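One structure below.
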Amino acid sequence: MPSFLFISLLLSFIHFSFSLPSIGVTYSTTTTTASPPPDKISATISTLKIPNVRLPDADPSLIKAFAFTNTSLFLSIPNPLLPAVAANRSLALRWLYRHVLPFYPRSKITLISVGNAVLDSVAEQDFTPYLLPAMRNLHLALHELGIKKIPVSTTFSFFSTITTAFPPSSAEFQQPAGDLIIKPLLQFLEETNSSFLINLYPYNLYRLNSEIPVGFALFQDYPFNFRDDLVTGVRYFNLFDMMADSVLTAMAVMGYESVPVIVAETGWPSGGGEAGEVEANEAYAEMYLKGLVRHLKSGVGTPLKKDGVAEVYVYELMDHEGGNNDNNKVKGRKWGILTENMTRKFNVEISSGVKNYGLMGIFLFLIAIFYAFP
């Protein structure tokens, strides 16, 4: 009995210490063409063994289609609803009665984002005053319904939130939004055991900076394919880690380095976009996805954080006719891992796969065997 107990404790320690980031995919619908039936979307994602799906358009029929599956759902409330949800908790309850209560827990809803890239929308309408009140109302409404395991957060865009990507040690949140919006929001996330959500696109940063080698953005292992942060002495071998550590540094500056980070969107376009976007091609898109998945499954985290990011969502599941599934970034780019006909474009396994426990895991396992068989 002592040996069995000892082995159980060791194995639980290994599982806890070396869990890998969860990898998911975004599925967004389009208003320009007919979307596939929800059951087909659910079946396709199950066939691809993708464990997590982000649904920016939280259609109830789509949420229902994932009932009794092993797929975790990340829902979003669109920006135009923020003023109403912020003003009245009963409207937050109404949204939950339509999108959560009829399906949970049969559909595994694990996260709700109140708004998406709100700082980007200031030019059209400033939703920032409603952001934290809406999040609080939704959080309280969930608890009123007895649902305490669905955290509430919001999603930011890297380029409207972080001052610089290099060196990461110099990164801060852009002001005045940093102090007025993000700092109190981080306090709310810490108090409610939620996560900081960020849209992170190395492709867009590469396009803005001609000094960045394309191999650095694509996780390629070339000689001298690195950048050194001279302040911390950290060496970076890919642009994704550099951007992630910039976010982690900005959070640490405000004293909230313990709040987990989820990359709500990332990807590389396989075509379309503006004239001259020669890097938006299927070969580079496959390199990025393979490199990203390989890096996340390695369990090395980021240079500044051993645990790295908690979850990553690839943008997105499928192309739409005309390429108009770019979430208002650049019309015409194609980000899907599937074509418009839902056939695979890349040989990339996004499923989480086997955990890599590393040398410490192997060492602990050998100790367990030693004590089990004296």
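Just so you know, these numbers come straight off a predicted model, no measurement behind them.
- Qualifying salt bridge (Lys or Arg N to Asp or Glu O under 4.0 Å) partners for Glu172, counting only residues two or more places apart in sequence or in other chains: none.
- Counted within 6.0 Å of NZ on Lys183, heavy atoms from surrounding residues, nucleotides or ligands total 12 or fewer; the atom is thus considered open.
- Cluster partners of Leu197 are Phe74, Leu111, Ile262, Tyr313, counting Ile, Leu, Val, Met, Phe, Trp and Tyr whose side-chain heavy atoms approach within less than 4.5 Å, directly or via other members.
- Under the 4.5 Å side-chain criterion, counting only non-hydrogen atoms from C-beta, Leu142 is in contact with Leu96.
- Atom CG of Leu101 sits about 13.5 Å away from atom CZ of Arg98, to the nearest 0.5 Å.
- Arg136 meets the salt bridge (Lys or Arg N to Asp or Glu O under 4.0 Å) test with no other residue; sequence neighbours excluded.
- Shown here are the ring-ring contact (aromatic ring centres under 6.0 Å, His included) partners of Phe188, two or more places apart in sequence or in another chain: His139.
- Residue pairs meeting the salt bridge (charged side-chain N to carboxylate O under 4.0 Å, His left out) criterion with at least one partner in residues 219-237, sequence neighbours excluded, are Asp228-Arg235.
- Applying the ring-ring contact (aromatic ring centres under 6.0 Å, His included) test between Trp335 and each of Tyr201, Tyr27, Phe346 identifies Tyr201 as the sole match.
- Asp59 is linked by a salt bridge (Lys or Arg N to Asp or Glu O under 4.0 Å) to nothing, counting only residues two or more places apart in sequence or in another chain.
- Applying the salt bridge (charged side-chain N to carboxylate O under 4.0 Å, His left out) test to every pair with at least one member in residues 193-215, sequence neighbours left out, gives these pairs: Arg207-Glu279.
- The heavy-atom pair separating Asn70 from Lys108 by the smallest distance is O-NZ, 3.6 Å.
- Remark: Tyr288 pairs with Phe219, Trp268 by the ring-ring contact (aromatic ring centres under 6.0 Å, His included) rule, at least two apart or across chains.
- For Arg89, the salt bridge (Lys or Arg N to Asp or Glu O under 4.0 Å) criterion is met by Glu144, not counting sequence neighbours.
- Under the side-chain contact (heavy atoms from CB on, under 4.5 Å) test applied with Val263, the options Val247, Asn199, Leu200 reduce to a single match, Leu200.
- Residues Thr339 and Asn341 have side chains that never bring a donor and an acceptor to within less than 3.5 angstrom of each other.
- Phe68 belongs to no multi-residue hydrophobic cluster, having no ILVMFWY side-chain contact under 4.5 Å with any other such residue.
- Summarising the geometry, atom CD1 belonging to Ile23 is positioned 5.5 Å from atom NZ belonging to Lys297; distances are rounded to the nearest 0.5 Å.
- Partners of Tyr203 by side-chain hydrogen bond (donor to acceptor under 3.5 Å, both in side chains), not counting sequence neighbours, listed by chain and number: Glu277.
- With sequence neighbours left out, Phe196 forms a ring-ring contact (aromatic ring centres under 6.0 Å, His included) with Phe156, Phe173.
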